[in-house]
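I have placed the structure first, in the form of structure tokens, so that the comments after it can refer back to it.
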Amino acid sequence: DLCDNLMLRAVAEEVERRESEILTWDPQSLSNMMWAYATLAVKDDPLFRKLLDGSIARIADHDTQNLANSSWAAAMVSFRCSRWLNAVAKATMAKISECQTLHLAQLAFAFSRLCFSGEAYGLFPAMLEETLRRVEDFAPQSLFDVHDALVVFGALGQGKTRIERCLGNYYEDLVQRLRDFAERSARSRPSASEIAAYRRSIEERDIVTLGAPHTIAFLQHFDMFCPDTDPFLPGARRQIQEWRDEEARKDPVSRSIFHRAQCAWQLCMRGENGAG
């Protein structure tokens with residue numbers, strides 16, 4: 001986890017020096033730079049504004065990977081540009097059948113985190129249709145990400161689809177594995193080989209976040225879900241926000257002020273809006 005903030009600052013200053021050239025840069029170069037900063041969780045709003053301006057100018061030249069990576073990067077550092085979101089939504093609709101499942105998941109994550117439904121373009125109904133058409137092709141994490149966004153924007157409709165059924169299998173398998181190991185550990189201390197096997201089995205599932213609906217189900221299953229009526233919540237949310245504000249005052253581009261898990265972000269947003 002090496003991050004040289006001085007080097008990144010120098011890169012941003014060089015981009016500023018070359019601002020007149022940015023509109024001619026190729027989409028992949030623009031996307032790669034944003035991806036790098038987002039992966040290191042370094043927030044630099046002036047830099048992202050310039051890079052997205054260049055990306056909008058070359059939107060017709062973006063392939064689906066560049067659209068997805070740039071959108072994911074902007075979402076990861078919470079940089080919301082309505083012009084970019086509209087341009088990406090329109091471009092995505094034109095190329096949605098060309099999107100790899102990972103790219104669909106990245107776009108879904110970005111749009112949901114930045115609270116952009118793309119309603120004017122029919123974005124999420126189209127994303128639902130495309131996901132249903134290729135549901136077996138999705139990696140578990142990608143399917144959780146798409147499902148989370150579909151839930152956020154109310155695009156799923158009534159009744160269970162193949163998406164929910166597939167995710168239900170992933171979720172139940174994960175919960176059962178956790179429960180089996182917990183029950184085994186309650187009887188006696190597991191051996192080093194048992195611990196290693198358990199860790200390997202969890203890592204092989206390649207699921208990092210469950211999305212808001214399945215996270216709530218998970219916490220409820222293990223009696224860890226805090227109801228909205230709990231008097232602890234308002235004070236806890238206030239303290240978290242005060243801590244984040246304090247960190248931001250120390251260093252506006254601090255990696256410590258970002259929360260990477262979108263499920264936790266969704267839970268927070270819903271709590272603040274009084275829904276969910």
Side-chain angles (χ1 to χ4, degrees), residues 15 19-39 43-135 137-138 142-157 161 163 211 262 265-266 269:
V15 171
E19 185 171 3
S20 61
E21 306 171 14
I22 290 177
L23 300 185
T24 67
W25 288 5
D26 66 277
Q28 185 168 352
S29 296
L30 295 163
S31 179
N32 286 350
M33 188 172 294
M34 285 185 280
W35 181 89
Y37 275 73
T39 300
K43 183 176 176 63
D44 190 321
D45 286 356
L47 173 66
F48 268 73
R49 184 175 296 107
K50 293 179 179 68
L51 295 176
L52 286 179
D53 283 345
S55 297
I56 293 168
R58 299 288 302 275
I59 193 69
D61 300 322
H62 280 63
D63 60 20
T64 57
Q65 181 177 359
N66 291 332
L67 290 172
N69 284 349
S70 297
S71 300
W72 174 89
M76 283 297 290
V77 298
S78 301
F79 185 82
R80 193 181 195 282
C81 174
S82 295
R83 289 174 55 241
W84 169 251
L85 292 171
N86 279 286
V88 172
K90 185 176 180 180
T92 298
M93 287 300 295
K95 301 178 179 181
I96 196 165
S97 63
E98 302 172 19
C99 283
Q100 294 182 23
T101 53
L102 174 61
H103 302 154
L104 287 171
Q106 288 177 306
L107 287 164
F109 164 77
F111 288 133
S112 63
R113 183 154 189 169
L114 295 173
C115 301
F116 180 83
S117 68
E119 184 176 2
Y121 307 95
L123 181 61
F124 275 92
M127 191 166 287
L128 172 61
E129 182 179 347
E130 193 64 25
T131 303
L132 287 170
R133 186 174 72 85
R134 292 190 273 161
V135 66
D137 299 333
F138 278 79
S142 293
L143 195 58
F144 275 113
D145 288 344
V146 172
H147 176 260
D148 203 41
L150 292 170
V151 170
V152 166
F153 294 118
L156 278 172
T161 68
I163 298 172
Q262 74 263 36
W265 173 82
Q266 292 287 2
M269 288 294 291

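Position 1 is the first residue of the sequence; numbering continues from there. Remember, it's a predicted structure, so these values are computed and weren't measured experimentally. No hydrogens, no waters, no symmetry mates; every other heavy atom, side chains included, goes into these values.
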Quiz: residues 47-67 side-chain donor-acceptor pairs under 3.5 angstrom, not counting sequence neighbours:
{"from": "D53", "atom 1": "OD1", "to": "R83", "atom 2": "NH1", "distance (Å)": "3.1"}
{"from": "S55", "atom 1": "OG", "to": "L51", "atom 2": "O", "distance (Å)": "2.9"}
{"from": "R58", "atom 1": "NE", "to": "D61", "atom 2": "OD2", "distance (Å)": "2.6"}
{"from": "R58", "atom 1": "NH1", "to": "T24", "atom 2": "O", "distance (Å)": "3.1"}
{"from": "R58", "atom 1": "NH1", "to": "W25", "atom 2": "O", "distance (Å)": "3.0"}
{"from": "R58", "atom 1": "NH2", "to": "D61", "atom 2": "OD2", "distance (Å)": "3.2"}
{"from": "H62", "atom 1": "ND1", "to": "R58", "atom 2": "O", "distance (Å)": "3.0"}
{"from": "D63", "atom 1": "OD1", "to": "Q65", "atom 2": "N", "distance (Å)": "3.2"}
{"from": "D63", "atom 1": "OD1", "to": "N66", "atom 2": "N", "distance (Å)": "2.8"}
{"from": "D63", "atom 1": "OD1", "to": "N66", "atom 2": "ND2", "distance (Å)": "3.2"}

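Using a 4.5 Å heavy-atom cutoff, the side chains of F111 and L123 are in contact. Counting heavy atoms from C-beta on, the side chains of F124 and V152 never come closer than 4.5 Å.
Using a cut-off of 4.0 Å between Lys/Arg side-chain N and Asp/Glu carboxylate O, R134 and E130 are scored as salt-bridged.
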With side-chain contact (heavy atoms from CB on, under 4.5 Å) as the test, would you mind laying out the steps for F116 and R80 before giving the verdict? CA-CA 9 Å; F116 180 83; R80 193 181 195 282; 3.8 Å; yes
So I163 and T131, side-chain contact (heavy atoms from CB on, under 4.5 Å) or not? Walk me through it. CA-CA 8 Å; I163 298 172; T131 303; 3.6 Å; yes
Evaluate the side-chain contact (heavy atoms from CB on, under 4.5 Å) criterion for residues L156 and H147: first the C-alpha distance (whole Å), next the side-chain angles of each, then the deciding distance (0.1 Å), finally the verdict. CA-CA 8 Å; L156 278 172; H147 176 260; 3.6 Å; yes
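Taking the side chain to side chain donor-acceptor pair (under 3.5 Å) definition, one finds that N86 meets it with Y121, sequence neighbours left out. Qualifying side chain to side chain donor-acceptor pair (under 3.5 Å) partners for S29, counting only residues two or more places apart in sequence or in other chains: D26.
Of all non-hydrogen atoms in S97 and R133, the two that sit nearest each other are O-NH2, 4.2 Å. Contact record, D137 with T101: O-OG1, 3.7 Å, taken as the closest heavy-atom pair. Listed here is the closest heavy atom pair of A38 and M76: CB-CB, 4.0 Å. The two residues L128 and A155 make their nearest non-hydrogen contact at CD2-O, 3.1 Å. Across every non-hydrogen atom of M127 and A108, the tightest pair is SD-CB, 3.6 Å. Nearest heavy atoms, S71 versus A110: O-CB, 3.3 Å.
With rounding to the nearest 0.5 angstrom, the CG atom of D44 is 11.0 Å from the CE atom of M33. With values rounded to the nearest 0.5 angstrom, N69 atom CG is found 7.5 Å from N32 atom CG. Going from atom NE2 of H103 over to atom CH2 of W72 covers 12.5 Å, rounded to the nearest 0.5 Å. Here the straight-line distance linking atom OG1 of T161 with atom CG of L132 works out to 5.0 Å at 0.5 Å rounding.
Open room surrounds NZ on K90; 12 or fewer heavy atoms of other groups in view lie less than 6.0 Å from it.
Applying the side chain to side chain contact (heavy atoms under 4.5 Å, CB included) test between F138 and each of L102, L143, D145 identifies L143 as the sole match.
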